[in-house]
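Just so you know, residue 1 is the first one in the sequence shown, and it goes up from there. Remember, it's a predicted structure, so these values are computed and weren't measured experimentally.
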Amino acid sequence: MSRRGRSRASTAERRVAPMTLDVAQLCAQLIRFDTTNHGGGESAGEREAAEHVAAVLHDSGVPATLLEPAPRRTNVLARVPGTDPSLPAVLVQAHLDVVPADPAEWSFDPFAGEIRDGFVHGRGAVDMKDMAAMTLAVLHRWHAEGRRPRRDVVLAFVADEEDQGHHGAHWLVEHHAAHFAGVGAAISESGGFSFDVDGVRLYPIGTAERGTSHLKLTATGRAGHGSRRNPRNAVTALVTTLARIAAHEHPVRLTPTAEAFLEGAGKALGVEVDLDDVDGTIARLGPAARLVENTVRCSTTPTVLQAGYKVNVIPGTATAQLDVRTLPGTVDELVATIDSLLGDGVTREFLEHQPPVEAPIDTPWFTAMADALRAEDPSAAVVPHCLGGGTDAKAFSRLGIHCYGFAPLLLPTGFDYRAMAHGVDERVPVAGLEFGVRVLDRFLSS
């Protein structure tokens, strides 16, 4: 394979002696590979990071397969056999790509992978090279101690999650589904982290996520001179439609996950829960409201506008794009609502449509995750959680796999973890990573 492409990691770092591995170093090493995904197929590429992961797996006694649907868009697949093949397997999936980082906005080099002041610094520290590093650290520990899990642990370190997954999870599901045979559940990003509310530590485990339906609206009118009356102005038709959409108040739709979150968080925080007044209940949750406020309604957010080419010319068409997020069971209702808000001469089309997903809460999987967290933090208040955005769970759920957000971290009080993903000066606490390794070890060994 060609070694072209940007990478901050040396060749020596790609092969690390097993006994020198620790989770902070693993995370830092992964950060040093610039795997920036610019979207639209433009990417630095995941190849070197994937080769590094495969080398670490090899040193931990786990053979790996590298697959590329396009040059440098590399995925790593592996399987750790369990001692009881009759048990359903568990999938650990983590993406290796990251969103762009402008060094001018950061107080440190986004791809230097520094470890200082108790943190690992760099792009991908929490999204989600931390989870990749914790998983690798668990596998290394098993190898060093001669241990095996009870059930098969299937591994997928994938490309392209930060765009549309066409070179990563969705491609693997379409072309390599056999690798995931026998998998009953999957874990990945955006859950299992501590969230401190006045001394109470909530641990939200992702059991659902809103669907992503990006829409394009096109208004068609009559082109003409800007000085003349024109009742068929495409720009006017578009902006009045957008004003109606922006002003529309979407109704509360409580999914099983959101209802269980409100009940669990309310009990842990001593807050009155009134499911007939969801907004009032959320207001009483204080800082914990941030974990649920975006997931009790659908949303339709205008984000891109395009119209015109000269100030004195009325264009014949005008377009807008909407970031639409749907809750489980609401897709048809929401699309019908949007259609009712469209003005004359305005049409819509899907640019992307990934439906919402929801995994059951009352399962041995969720119980095992909660037990693993409480074993390391006895005061943990574990609650289900619906993600406002999306992950590669949308791909793997197509195979009938129950997907959970479970990348456990114990975070310092006041640390704004949710601002780190895609944010400036991204970093993750070393102690939190070490906690996550212990929790993952317990869960994956169970």
Side-chain angles (χ1 to χ4, degrees), residues 189-212 245-301 323-334 337 355-363 366-367 369-370 373-374 377-391 393 403-406 408-409 411 413-419 421:
E189 61 186 321
S190 298
F193 56 90
S194 66
F195 189 93
D196 188 275
V197 183
D198 298 327
V200 176
R201 280 195 295 275
L202 299 177
Y203 284 86
I205 293 176
T207 57
E209 59 184 53
R210 295 198 296 176
T212 301
I245 291 174
H248 180 75
E249 182 72 13
H250 294 282
V252 169
R253 291 289 183 264
L254 273 187
T255 62
T257 289
E259 183 173 338
F261 175 89
L262 292 175
E263 296 281 9
K267 180 179 179 180
L269 299 174
V271 168
E272 178 191 356
V273 175
D274 181 358
L275 297 181
D276 293 324
D277 181 16
V278 170
D279 290 328
T281 297
I282 291 174
R284 290 190 289 274
L285 291 176
R290 296 167 55 198
L291 295 172
V292 71
E293 61 189 357
N294 293 318
T295 63
V296 296
R297 289 180 170 88
C298 298
S299 61
T300 48
T301 307
D323 185 320
V324 178
R325 304 293 169 140
T326 56
L327 289 166
T330 68
V331 175
D332 292 342
E333 174 189 359
L334 182 65
T337 297
V357 297
E358 188 160 23
I361 301 166
D362 186 17
T363 67
F366 187 91
T367 299
M369 286 181 260
L373 284 167
R374 294 190 190 104
D377 182 359
S379 65
V382 182
V383 290
H385 176 232
C386 179
L387 280 63
T391 72
C403 295
Y404 297 91
F406 188 65
L409 291 170
L411 302 172
T413 300
F415 179 72
D416 195 352
Y417 170 79
R418 289 162 62 82

Can you tell me how far CG of Leu254 sits from CG of Asp276, rounded to the nearest 0.5 angstrom? 9.5 Å
Could you go step by step and tell me if Val383 and Leu262 meet the side chain to side chain contact (heavy atoms under 4.5 Å, CB included) rule? CA-CA 9 Å; Val383 290; Leu262 292 175; over 6 Å; no
Kindly indicate whether the side chain of Leu327, heavy atoms from C-beta on, has any atom under 4.5 Å from the side chain of Val296. no
Donor-acceptor under 3.5 Å (Ser194 side chain, Leu411 main chain): yes
Using the test ring-ring contact (aromatic ring centres under 6.0 Å, His included), find all partners of Phe193 that sit at least two apart in sequence or belong to another chain. Tyr417
My understanding is that only residues two or more places apart in sequence, or in another chain, count here; which of them pass ring-ring contact (aromatic ring centres under 6.0 Å, His included) with Phe366? none
Contacts of type salt bridge (Lys or Arg N to Asp or Glu O under 4.0 Å), residue Asp323, not counting sequence neighbours: Arg325
Measure from the side-chain N and O atoms of Thr337 to the backbone N and O of Glu333, and report whether any donor-acceptor pair falls under 3.5 Å. yes
Less than 4.5 Å apart, side chain to side chain, heavy atoms only: is that true for Phe261 and Ile361? no
Thr326 and Thr212, any side-chain heavy atoms less than 4.5 Å apart: no
Quick check: closest heavy atoms across Thr295 and Ala258, and the distance to 0.1 Å? O-CB, 4.2 Å
Check: Val292 and Leu285 side chains under 4.5 Å, non-hydrogen atoms: yes
Worked verdict on Leu373 versus Ile205 for side chain to side chain contact (heavy atoms under 4.5 Å, CB included): CA-CA 10 Å; Leu373 284 167; Ile205 293 176; 4.1 Å; yes
What residues form a salt bridge (Lys or Arg N to Asp or Glu O under 4.0 Å) with Arg374, not counting sequence neighbours? Asp371
Applying salt bridge (Lys or Arg N to Asp or Glu O under 4.0 Å) to Asp416 and not counting sequence neighbours gives Arg290
Partner set under salt bridge (Lys or Arg N to Asp or Glu O under 4.0 Å) for Glu272, not counting sequence neighbours: none
With side chain to side chain donor-acceptor pair (under 3.5 Å) as the rule and sequence neighbours excluded, what pairs involving residues 198-211 come up? Arg201-Asp377, Arg201-Ser379, Tyr203-Asp377, Thr207-Thr257, Glu209-Thr391, Glu209-Lys394, Arg210-Ser299
Applying side chain to side chain contact (heavy atoms under 4.5 Å, CB included) to Pro360 and not counting sequence neighbours gives Thr363, His402, Tyr404
I'd like to check the side chain to side chain contact (heavy atoms under 4.5 Å, CB included) partners of Pro328; sequence neighbours left out, ordered by chain and number. Thr255, Pro356, Glu358
With Val197, which residues qualify under side chain to side chain contact (heavy atoms under 4.5 Å, CB included), at least two apart? Phe195, Leu202, Leu269, Pro287, Ala288
I'd like to know whether Thr300 forms a side-chain hydrogen bond (donor to acceptor under 3.5 Å, both in side chains) with His248, so could you lay out the CA-CA distance, the side-chain angles of the two residues, the decisive distance to 0.1 Å, and finally the verdict. CA-CA 9 Å; Thr300 48; His248 180 75; over 6 Å; no
Could you pull out all residues at least two apart from Arg284 that satisfy side-chain hydrogen bond (donor to acceptor under 3.5 Å, both in side chains)? Thr281
Taking the side chain as every heavy atom from C-beta outward, state whether Cys298 and Val324 have any pair of such atoms under 4.5 Å apart. no
Among residues at least two apart in sequence or on other chains, which ones pass side chain to side chain contact (heavy atoms under 4.5 Å, CB included) with Thr413? Asp196
Taking His385 for its side chain and Leu291 for its backbone only, find out whether a donor-acceptor pair lies under 3.5 Å. yes
